[in-house]
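Excluded from the calculations below are hydrogen atoms, water molecules and symmetry mates; all remaining heavy atoms, backbone and side chain alike, are included. Since the structure is predicted, the reported quantities are computational estimates derived from the model, not experimental observations.
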Amino acid sequence: MTRKSLLTVGTMMVALYFGSLPAAAQTGVPAPPDSRALLHALEDAFTSVADRVTPAVVNVSVKAKKGAPGEGGQTPENEQRFREFFGPELYERFFKRRAPREDTRAAGSGVIVDARGYILTNAHVVENAADIEVRLSDDRKFVAKLVGRDPKTDLAIVKIEPGANKLPVAELGDSDKLRIGQWAIAIGNPFGLDRTVTVGIISATGRTKVGVATYEAFIQTDASINPGNSGGPLLNLDGRVIGINTAILSSGQGIGFAIPINMVREVMTQLIDKGRVVRGWLGISIQDLTDDLAAGFGASGKGGVLVADVMKDSPAESSGLKAGDIIVDLAGTPIKDVTELQKRVAAVPPGQSVAMTVLRDRRPTKLTVKVGEQPGEETIVAVAPKGTGFGVTVEAPTEEMTQALGLRSGAGVVVTEVAPGSVAESAGIKEGDLILEVNRRRTATVDDFKKAVAALKPGDAVPVQVERSGAGRQYVVLKVPSKP
């Protein structure tokens, strides 16, 4: 492509952004000389943002607590999560677990958001930190203290004491106004390269099920983000922070994620005021309602969330919510999926009552739930494995067997064998699973299980509730083969 062609294309891109397109460019004629002004205007916008915001971007260096697992304090669960997300090569290089040393440090990014010394970063950057050091763009160094972490959004606040020194502060924007295709500018310290500025666009908004945090509504961008960028700002052309960079997708190029600043603002306020985030809580394990599960429970229509388990003495139990209920409405608004229900319940102040509609035995049931306060950690239940089918050997669990398998209770039958190629294997039932019910019939004994199975008809697709070590309770769908 010639220099003139490149200039024409560049002019068209810039003109589209600024809302005008020279007539010459529309006809394919080389752009007039004044088109260079448009290119320089865009260039000036980028440099202006970099000049203004880079001083507020900091390097966050963390020394892990002695005996803490992993560089940067990674727990075994987070280790696996980051290995899958970043890919084995990057993980081994930057996050690999090592024997703790006095000088073991991990580095990330942060952005100053308050002149009093409050700095936003990622929760995983400061996890298990023994001490935190913050270095500014002018090479000033400060010892920082952790104000609070929120692993469920992967956000954290640390604070430095600037004394009489004035700190540069980044201005926060409004992520609700973002549009796909807008420019995005990322600043951070990838691979230890301080204050690296990269440019791209907003590729998508509201991304969920990425697998990085519990509460997700990520901004996706192709602005280059790499290990070390974590905690740094994503900015618009006005130089306002629209997100906090948190992760990349290792299996693709140009796919990075940032936590939207409006979500950040809510978490940040609570962390500064209380040192923790208070969220509403029901005390249930939930999973998305797949087509197979919907058929098994006789549910019609789109949306809804399946209750896989109700915790003892929880707000859900007190309200009468039961395992097998399908939550279709909360406070008068339809529920689409697990992510939506989690975010909406979390936003309800503890102690407040909300109306809920569930499908129970194929009929709508109205409930009123008094929302509680979410504990520090919550049980996450995986989506039921996909599959079609039966063929298991079960037996009554002994106390020793229950303990050995790490099961919560013995109120069911333990799967001791799954026939290869069987419908049970296809459904995702595994050896060691505790089967609690089949097609809504409790299976407290082997006889109960045999009766429940005997009642199944060819062609049935029925829900089976299982308890699995490390995963809690969940439903899978068992499809009974039709007779030939």
Side-chain angles (χ1 to χ4, degrees), residues 53-65 68-75 78-79 81-83 85-87 90-98 103-113 117-137 139-151 153-160 170 186-198 212-213 218 221 223-235 241 243-250 256-259 261 264 267-268 271:
V53 184
T54 296
V57 179
V58 303
N59 180 292
V60 180
S61 178
V62 173
K63 184 170 78 171
K65 292 177 182 176
E71 188 175 66
Q74 295 300 328
T75 62
N78 279 343
E79 179 183 354
R81 185 184 75 175
F82 281 96
R83 181 186 297 277
F85 200 78
F86 285 100
L90 286 179
Y91 182 86
E92 292 299 320
R93 186 175 176 186
F94 292 98
F95 295 96
K96 185 176 179 181
R97 297 179 72 198
R98 301 174 184 169
D103 60 348
T104 296
R105 284 193 171 268
S109 305
V111 57
I112 304 172
V113 292
Y118 290 107
I119 297 169
L120 267 171
T121 187
N122 283 146
H124 74 260
V125 170
V126 295
E127 187 173 15
N128 289 321
D131 62 66
I132 305 170
E133 182 182 85
V134 168
R135 178 164 50 84
L136 276 59
S137 59
D139 286 333
R140 282 184 290 168
K141 293 182 181 180
F142 296 87
V143 174
K145 71 173 183 178
L146 178 63
V147 175
R149 292 175 63 250
D150 182 45
T153 53
D154 196 21
L155 288 168
I157 293 284
V158 300
K159 188 177 189 299
I160 60 176
I187 305 180
N189 308 302
F191 304 108
L193 302 172
D194 285 1
R195 283 89 192 171
T196 296
V197 179
T198 56
V212 175
F218 289 124
T221 180
S224 184
I225 296 174
N226 290 287
N229 271 104
S230 293
L234 188 70
L235 306 147
V241 181
I244 297 297
N245 301 319
T246 188
I248 58 174
L249 192 62
S250 63
F257 299 98
I259 307 161
I261 200 63
V264 173
V267 173
M268 178 180 72
L271 288 178

Side chain proximity check, I132 to L146, heavy atoms < 4.5 angstrom: yes

Test item: side-chain donor near acceptor, S109 and N229, under 3.5 Å: no

Side chains of Y118 and I112 in contact at under 4.5 Å (non-hydrogen atoms): no

Any V126 side-chain heavy atom under 4.5 Å of V158 side chain: yes

Donor-acceptor under 3.5 Å (N245 side chain, P233 main chain): yes

T198 (side chain) donor-acceptor with S224 (main chain) under 3.5 angstrom: yes

Gap between atom CD1 of I244 and atom CE of M268 - 0.5 Å precision: 9.0 Å

F142 side chain near V58 side chain, heavy-atom distance below 4.5 Å: no

Beyond-backbone contact of I259 with N122, side-chain heavy atoms, under 4.5 angstrom: yes

Separation of I119 CD1 from I160 CD1 (nearest 0.5 Å): 4.0 Å

N59 versus S61, side-chain donor and acceptor atoms under 3.5 Å: no

pair V134-K141: side-chain heavy atoms closer than 4.5 Å: no

Nearest-0.5 Å distance, CZ of residue R149 to CD1 of residue I157: 12.5 Å

Pairing of R135 and D194 as salt bridge, 4.0 angstrom limit: yes

CA sep, side-chain torsions, deciding dist, call: V264, L120, side-chain contact (heavy atoms from CB on, under 4.5 Å): CA-CA 9 Å; V264 173; L120 267 171; 3.4 Å; yes

Side-chain donor or acceptor of D150 paired with backbone N/O of L155 under 3.5 Å: no

Minimum heavy-atom distance A213-P151, with the two atoms named: CB-O, 4.4 Å

Nearest heavy-atom neighbours spanning A170 and A56: N-CB, 3.7 Å

Result of checking T121, D154, T153, L234 against T246 for side chain to side chain contact (heavy atoms under 4.5 Å, CB included): D154

Heavy-atom pair of closest approach, residues L136 and R195: C-NH2, 3.0 Å

Residues which pass side chain to side chain contact (heavy atoms under 4.5 Å, CB included) with V197, listed by chain and number, not counting sequence neighbours: A50, T54, I185, I187

Least distance between heavy atoms, G108 atom then V125 atom: CA-CG1, 4.1 Å

